[in-house]
Every structure is written in C-alpha cells, then in structure tokens.
2 protein chains.
Amino acid sequence: MNRADGGPEARGGAAFLLAQLGAHAAGRFAERLAGLDLTPAQAGLLRHLAQNPGRSQRELADDLGMLPSRFVPFVDELEERGLIERRKNPRDRRLYALHLTPQGLDLLTALLDVAADHEQQICQALTRAEHQQLSALLRRIADQHELSPGIHPGYRWSQPRRSRGGAPTSRADGAG
Amino acid sequence: MNRADGGPEARGGAAFLLAQLGAHAAGRFAERLAGLDLTPAQAGLLRHLAQNPGRSQRELADDLGMLPSRFVPFVDELEERGLIERRKNPRDRRLYALHLTPQGLDLLTALLDVAADHEQQICQALTRAEHQQLSALLRRIADQHELSPGIHPGYRWSQPRRSRGGAPTSRADGAG
DNA sequence: TATTGTTATACTCTATAACTATA
DNA sequence: TATAGTTATAGAGTATAACAATA
C-alpha cells in the first residue's frame, strides 16, 4: 500500500477519530443547549460558577480561557436574564463576586439532565461496560495532557459559529 | 450529592471528554500542520484529493462541507503553491477536474508522517493494546453516528480561528 | 431553465488598546 | 504604579446574493 494514499492510519487513527467525534459530540450538545437558550460557553460558566462561587470576573475569564473584555457583555446577558448575579466585594471595591441565582441553579439542573441524555446518545453503540471503559481511557489521556476538568478550549469563543441552513448542525467545533 | 453541583457526570462523562480531547487533539495537530504551512482544511483536501482525483470543485466543496464561494480562493492558494492542479473537463466545459501535483503528493507524504507522530503523542498514556482498543471503540461510535471517514466538521471553516499569543495553541476547535 | 465557477457586499465576531476607578 | 472592569474601534472571516459561461 502506498503511503501517499492518505491511508487508513490517517483517517481511522484514534487522534483523528477523537477530533472528528469530539466536534460531532460538541455540535450535538450545542443543539440541545439551544433548546435551553444557552451557548456552550454560557453552560460552561453556569457549571463552573456552581462549583466556584464568588470568583471575580478576571479569574473566571482566565478559568474559561476568555478575554476579560469579551467576558463583560458575556456576563451582562446572563445577568439580565437573571441567571447570575454581580455582588460588590466590600474588601476590594474594584472586584465583583459572581454568584448563581436560584433561577440559574434551576437552569443548571435542567442542563445536567440534557447532558445526561446527551451522554447516553453519544455512547449508544457501546455496552455499559464498554462505555465505562471508554471513559476511563479518555480520562487517562486527558490527565496526561493536563487538561483542566470541565474546561473546554471552545469556551474561548463565547458565540457559536454560524453554520448554514440544512442539517441542524450548530457549532461544529469543539465547545460542549 | 446535589444534582445541581455540575457533578462528575457532566465534566467526566465520555461525551464531554470526547469534545475536550477532540479539540485538544485538533489544536495540537494544527500546530504541527503549521510547520508544513498548511491549515487543517488544506490538509483535509490534499488527503481527500489523493483518494478522489478528478472531482469538480462543487463536489469537493460538498464533500468537505464548504461553501462553493469560499472554495474558490481556497483552491486558488493551493494551486498557486503548485500543490494541486485545475484541469478543464472537455466533456463539460463548466467543470474543473482537480488533481494533486507531484509536489502535492510529496507534501502529502510529509503530512502523513506528521499525522503518525501526532497519533503516538496523543495516545502516549496508553499501552499498545489499549490504543487499539480505543480506536475500535471510537470507530464503532463514529459508524453509528454515520460520520464520513476522513471528513471533519471543522473543514467547513477553511481558516483557523486566531487565538491570542502566549501558549502555542492554534485552532482550539475541531479541525484535524 | 439549471448548474458551475466566480465575484462583491454586508454582516458578525474578535482582539487590541485605550479609559475609569480603585488599590 | 498596578489591577479590575469597561468601552470603542479596527480588522479578519463569513454567508448571502448576485453574475457570466455553459449545458
């Protein structure tokens, strides 16, 4: 077999399949999130905020890999929707302390239901044992590459890229 | 454990890990491709063209999920670099037949070497047996979701998204 | 009339760099 | 002087809609 045929090791290797399936999974999840009127980055902030309440905007922007300047309107929208809350920090009046509101917590629970459904749909082809096996293998790879749990590189772009009509494939890149 | 804590099933599930690792793998591969002065979409076309020579621009744009209008300058650049060739189709003079040049074939072989290195680096944490096991599981999932072999959703965007300086993390989304 | 390749334009989103207020 | 939050602006990249040539 000629090496220059773009052979199976390139299209069927684990690395390519990871990239391809990862984008697919992220896109499907983004579709589901759209039903909750959330982008992947917004969902990421809600989850992150539930576990790290009271952090400043600067810290949160760093956590999610976003620019502070873009983080401002990003937070604005969620605050206007009553999902998160900006509290002034009395110790240092330059800082905000961001918190989830009760409404934000409600939406987060709905989000977790969606994520659980999504998980099952993606791994539908596997048995329960294989599903666990896959998770374990992926977690080991993620650990070795020192990926932060729960932080997706795609959060960097708060807005999903528009895809044209036809198939309902929103957000074909990585965020989920 | 409270469901609303953004618990482990959301951050450690296979679906999220797939999206996270997929974006990571795609980003790392994009960095390596930059060494060959190629974007992921360009690499995808070279590989696809090696196995599907003589197709029209319209067909190739459909294959890669790109808009025909954006496919034009996309092909222009590769043609100017002498990597691919537009041949007029004598049967239907509206169509071009795209082919890889010898130079394009050379670059493709270099690309496959890069892909092989990349594959090993991504799966470095796994034994040989586990690596094969992972590939098999991923392929079954990809088959069930009817993903086209070798076609990445990220090809839709021919240009990688710019990320800001610091860490050399080009293309954090899905294309590879 | 439909289709291929092409071009032009309007629009969306982003990074950069200022600016303010606090420290 | 340095930092948090904010705002404004210039630029990159895209989808949409036209267009000419050919069928």
Side-chain angles (χ1 to χ4, degrees), chain A residues 30 39-42 45 54-80 84-99 153-167 169-175, chain B residues 30 39-42 45 54-80 84-98 153-167 169-173 175:
Chain A
T39 68
Q42 290 172 332
L45 177 58
R55 305 205 85 194
S56 71
Q57 290 190 185
R58 160 73 72 162
E59 290 172 318
L60 290 167
D62 279 352
D63 292 343
L64 299 189
M66 293 175 60
L67 287 170
S69 60
R70 289 194 305 103
F71 197 70
V72 173
F74 183 70
V75 166
D76 284 345
E77 186 189 330
L78 294 175
E79 191 183 31
E80 287 165 11
I84 68 180
E85 185 186 6
R86 278 194 248 235
R87 300 184 194 161
K88 270 295 184 188
N89 186 331
R91 312 264 189 145
D92 186 336
R93 288 184 309 183
R94 293 175 303 180
L95 280 64
Y96 282 125
L98 264 58
H99 291 268
Y155 294 162
R156 202 184 309 279
W157 300 285
S158 47
Q159 297 296 117
R161 278 177 120 145
R162 309 165 295 225
S163 63
R164 62 185 183 286
T169 309
S170 81
R171 185 104 206 182
D173 64 348
Chain B
T39 67
Q42 288 172 334
L45 177 59
R55 305 205 83 193
S56 72
Q57 291 191 186
R58 161 71 76 163
E59 289 171 319
L60 290 167
D62 279 353
D63 292 344
L64 299 191
M66 293 175 60
L67 288 170
S69 61
R70 287 193 305 105
F71 198 70
V72 173
F74 181 70
V75 166
D76 285 345
E77 186 189 331
L78 294 175
E79 191 183 30
E80 287 164 11
I84 66 180
E85 185 187 6
R86 280 192 246 234
R87 300 183 193 161
K88 269 297 184 187
N89 187 330
R91 313 264 188 143
D92 185 336
R93 288 185 308 183
R94 292 175 304 179
L95 280 65
Y96 282 123
L98 264 57
Y155 293 161
R156 200 184 311 277
W157 301 284
S158 47
Q159 297 297 116
R161 278 177 120 144
R162 313 165 292 229
S163 64
R164 64 185 181 285
T169 309
S170 80
R171 183 108 207 180
D173 63 346

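Convention: sequence-line order gives letters A, B, ...; per-chain numbering from 1.
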Asks: Can you find a heavy atom in the side chain of A:E59 that is under 4.5 Å from one in the side chain of A:D62?
Replies: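 A:E59 does not reach A:D62 side chain to side chain.
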
Asks: Return the value, rounded to whole Å, for the distance between atom CZ of B:R58 and atom P of D:dT22.
Replies: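 Nearest whole value for this atom pair: 18 Å.
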
Asks: Expressed as a whole number of angstroms, how long is the span from A:D76:CG to D:dA4:P?
Replies: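 Result: 18 Å.
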
Asks: How long is the line joining CE of B:M66 and P of D:dT14, in whole Å?
Replies: 8 Å

Asks: Is the closest side-chain heavy-atom distance between B:L45 and B:F71 below 4.5 Å?
Replies: yes

Asks: Using heavy atoms to find the nearest nucleotide of DNA chain C for B:D92 and A:D92 separately, return the residue whose nucleotide is more 5′.
Replies: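 Looking at DNA chain C, the more 5' nearest nucleotide goes with B:D92.
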
Asks: Within the 4.0 Å heavy-atom criterion, would you say A:F71 contacts the bases, only the backbone, or no part of the nucleic acid?
Replies: nothing

Asks: Are B:M66 and B:S158 packed together at the side-chain level, in the sense that at least one heavy-atom pair is separated by less than 4.5 angstrom?
Replies: yes

Asks: Pick base, sugar-phosphate or nothing for A:S69, based on heavy-atom distances below 4.0 Å to the nucleic acid.
Replies: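 Here A:S69 touches the bases of the nucleic acid.
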
Asks: Whole Å only: how far is the CD atom of B:E77 from the C1' atom of D:dG13?
Replies: 14 Å

Asks: Is there a side-chain contact between B:D63 and B:R55 (heavy atoms, below 4.5 Å)?
Replies: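 Counting from C-beta outward, B:D63 and B:R55 do come under 4.5 Å.
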
Asks: Check the distance between C:dT6's C1' and B:Y96's OH and give it to me in whole angstrom.
Replies: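 B:Y96 atom OH is separated from C:dT6 atom C1' by 9 Å.
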
Asks: Quick one, A:I84 with A:H99, criterion side-chain contact (heavy atoms from CB on, under 4.5 Å). Give me CA distance, side-chain angles, the key distance, then yes/no.
Replies: CA-CA 6 Å; A:I84 68 180; A:H99 291 268; over 6 Å; no

Asks: Between C:dT7 atom P and B:Q57 atom CD, what is the distance in whole Å?
Replies: 10 Å

Asks: Round to the nearest Å and state the distance from B:R94 atom CZ to D:dT22 atom P.
Replies: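 These atoms are roughly 10 Å apart.
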
Asks: Report yes if the side chains of A:N89 and A:Y96 come closer than 4.5 Å at any heavy-atom pair, otherwise no.
Replies: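 The answer is no, as the side chains (C-beta and beyond) never meet within the 4.5 Å cut-off.
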
Asks: Do A:Q42 and A:F74 come close enough that some side-chain heavy atom pair is under 4.5 Å?
Replies: yes

Asks: Using atom CZ of A:R55 as one end and atom P of D:dG5 as the other, report the distance to the nearest whole Å.
Replies: 11 Å

Asks: Set out, line by line, the N/O atom pairs under 3.5 Å between protein and nucleotides 11-14 of chain C.
Replies:
from, atom 1, to, atom 2, distance (Å)
C:dT12, O4', A:R162, NH1, 2.8

Asks: Which listed nucleotide (C:dT22, C:dT6, D:dT6) is nearest to the side chain of A:R93?
Replies: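 The nucleotide sitting nearest to the side chain is C:dT22.
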
